[in-house]
> 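Dropping a structure here in structure tokens format, bear with me for questions.
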Amino acid sequence: MCAAGRSSRRRAASRLRKTKMSDDKLLPLRQKIDAIDAQILDLLNQRARVAQEVGHVKAETNAPVFRPEREAQVLRRAADRNPGPLLGADIQTIFREVMSACRALEKRVVVAYLGPEGTFSEQAVYQQFGHAIEGLSCVSIDEVFRDAEAGTADFGVVPIENSSEGVINRTLDLLLQTTLTISGEVSIPVHHSLMTASGKMEGITRICAHSQALAQCNAWLNQNYPSIERQAVASNAEAARMAGEDQSVAAIAGEIAGQKYNLQTVNAHIQDDPHNRTRFAVIGRLRTAPSGRDQTSIVLSVPNKAGAVYNLLAPLARHGVSMTRFESRPARMGAWEYYFYVDLEGHEQDEKVAQALEELRQNAAFFKLLGSYPLGL
Ligand SMILES: O=C(O)C(=O)C[C@]1(C(=O)O)C=C[C@@H](O)C=C1
């Protein structure tokens, strides 16, 4: 064997010796991990058996299985008591999945969302419910509402506002009409990437994405691909599906959609706002109990006269209720000029909130309580 071959064998033998020395040191540590994992496994199933008993009590009293207020309290407590080194957010992710699995022993909730699979809406579903659920992919926000109203789904998750592009008008319009309530809110960071099947832009004649994503990446597209046609489609995941089937199509989508449809990233994080986030509403037939840190959403309308809105909201200041969000939307139907979507700090069952809501209800030309729910974690 030549010198080079002998040298290569020596290096390989040295690597093997180092690996064996390392494994000898790792063995007792891995045995410690195995012993702790056995305790975790036992404790998880102890917890699951108690959750099953909870499920039996709920079945006897026909009580709702999903309790957003209770889950918010469990997650807050886990993060507050977390001594580290695990990060609080990672501890909450773990406990969310533990509760999701326990809840599924009681009932595997069905959650409708704007599909297809791989959308940010689907990510929001998992952020709220964990993964032990049955997801129902819908082709439109309207269908999500219909499935939740019809009981085909227990809950729906719909986009309500994007930090770059503002409110999702269709969701606001449907919230006005629906019999459903808002029982939760989820906010997730939205990172858009430009993707193609080949990972290159040669031969690309169309860039497809949801209209919101095209708008959120408008400056970047103008800067980098000003001459390629842009086409709005039902969702980013749909754009990813198209790009996976057509070599002339590029998609703006998230990493999950890209992986699902076997796309390669051409450019990552192309959204114009690096802090781009989308807020989702969880809708269902559930009136959520107080969790200790809640928010209440309402819709109001007033006659079109000077100072009407200012006077209308006076009860909030009088009762010391903080307004956290205020959106106006032209009334597409009904007798009023505008509807005002208002988010308040507190739960409808809190005394000062209840008093303020009663005054608003009496003074407003139109009043609808959309729901009280735990503040996003
Ligand atoms: O406490 C309850 O009501 C439960 O059903 C238990 C549990 C949990 O695993 O902690 C599971 C589902 C609920 O949404 C809330 C909490």
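Since this is a predicted model, take the numbers as computed values, not measurements.
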> Where do R96 and Q127 come nearest, in terms of heavy atoms and distance?
NE-O, 2.6 Å
> Give me the other members of the hydrophobic cluster that Y126 sits in, counting Ile, Leu, Val, Met, Phe, Trp and Tyr linked by side-chain heavy atoms under 4.5 Å, directly or via other members.
F66, V109, V111, Y113, F120, V125, F129, I133, F155, V157, V186, I188, V190, F280, V282, L286
> On a heavy-atom basis, which atom in Y339 and which in S301 lie closest, and how many Å separate them?
CD2-CB, 3.9 Å
> Under a plain distance cut-off of 3.5 Å, with no hydrogens placed, do E69 and H347 share a side-chain donor-acceptor pair?
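No donor-acceptor contact under 3.5 Å links the two side chains.
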> How many angstroms lie between OG1 in T288 and CG in D294, if you round to the nearest 0.5 Å?
8.5 Å
> Just checking, any donor-acceptor pair under 3.5 angstrom between side chains of N218 and D272?
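Absent: no donor and acceptor within the cut-off.
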> Which is it for R170 and S140 under the side-chain hydrogen bond (donor to acceptor under 3.5 Å, both in side chains) test, yes or no, and what are the steps along the way?
CA-CA 10 Å; R170 188 60 186 154; S140 66; over 6 Å; no
> Would you call E238 and R241 a salt bridge, taking side-chain N to carboxylate O under 4.0 Å as the test?
yes
> With a 4.0 Å cut-off, would you call R361 and E358 a salt bridge?
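Yes.
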> Measure the CD-SG distance between E229 and C208 for me, rounded to the nearest 0.5 Å.
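The distance works out to 7.5 Å.
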> What closest approach, in Å, do H131 and S100 show between heavy atoms, and which atom pair accounts for it?
N-OG, 3.5 Å
> Can you tell me how far apart CD (E185) and CD1 (I160) are? Round to the nearest 0.5 Å.
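Answer for the CD-CD1 pair, E185 versus I160, is 7.5 Å.
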> Return yes if a side-chain donor-acceptor contact under 3.5 Å exists between S7 and R11, otherwise no.
yes
> Kindly check if the number of other-residue, nucleotide or ligand heavy atoms within 6.0 Å of CD (E351) is above 12?
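Not more than 12 within 6.0 Å, no.
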> Does this structure show an ion pair linking E53 with R49, if we count only N-O contacts that are shorter than 4.0 Å?
no
> Is the closest basic N to carboxylate O distance between R108 and E134 below 4.0 Å?
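No, this pair does not count.
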> Would you name the heavy atoms of V233 and M242 that are closest together and state the gap between them?
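Answer, listing the atom of V233 first, then M242: CG1-SD, 3.8 Å.
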> When you look at OH of Y225, are more than 12 heavy atoms from neighbouring residues, nucleotides or ligands closer to it than 6.0 Å?
yes
> Calculate, to the nearest 0.5 Å, the distance between atoms NE2 and CG belonging to H192 and N236 respectively.
5.5 Å
> Hey, is the main chain of G244 close enough, under 3.5 Å, to the side chain of N262 for a donor-acceptor pair?
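Flag not set: sc N262 to bb G244 has no pair under 3.5 Å.
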> Within the 3.5 Å criterion, strictly below it, is a donor on D42 or Q46 matched to an acceptor on the partner's side chain?
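Side-chain D/A pair, D42 to Q46: present.
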> So how far is it from I141 CD1 to L175 CG, rounded to the nearest 0.5 Å?
10.0 Å
> Tell me whether R279 is salt-bridged to E327, with the criterion being a basic N under 4.0 Å from an acidic carboxylate O.
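Judged by the 4.0 Å cut-off on N to carboxylate O distance, R279 and E327 do not form a salt bridge.
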> Indicate yes or no: does K20 engage D24 in a salt bridge with an N to O separation below 4.0 Å.
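Salt bridge between K20 and D24, a charged N being under 4.0 Å from a carboxylate O: yes.
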> Just checking, is any N or O donor in the side chain of S198 or Q247 under 3.5 Å from an acceptor N or O on the other one?
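There is no such pair (donor and acceptor under 3.5 Å, judged by atom type) between the side chains of S198 and Q247.
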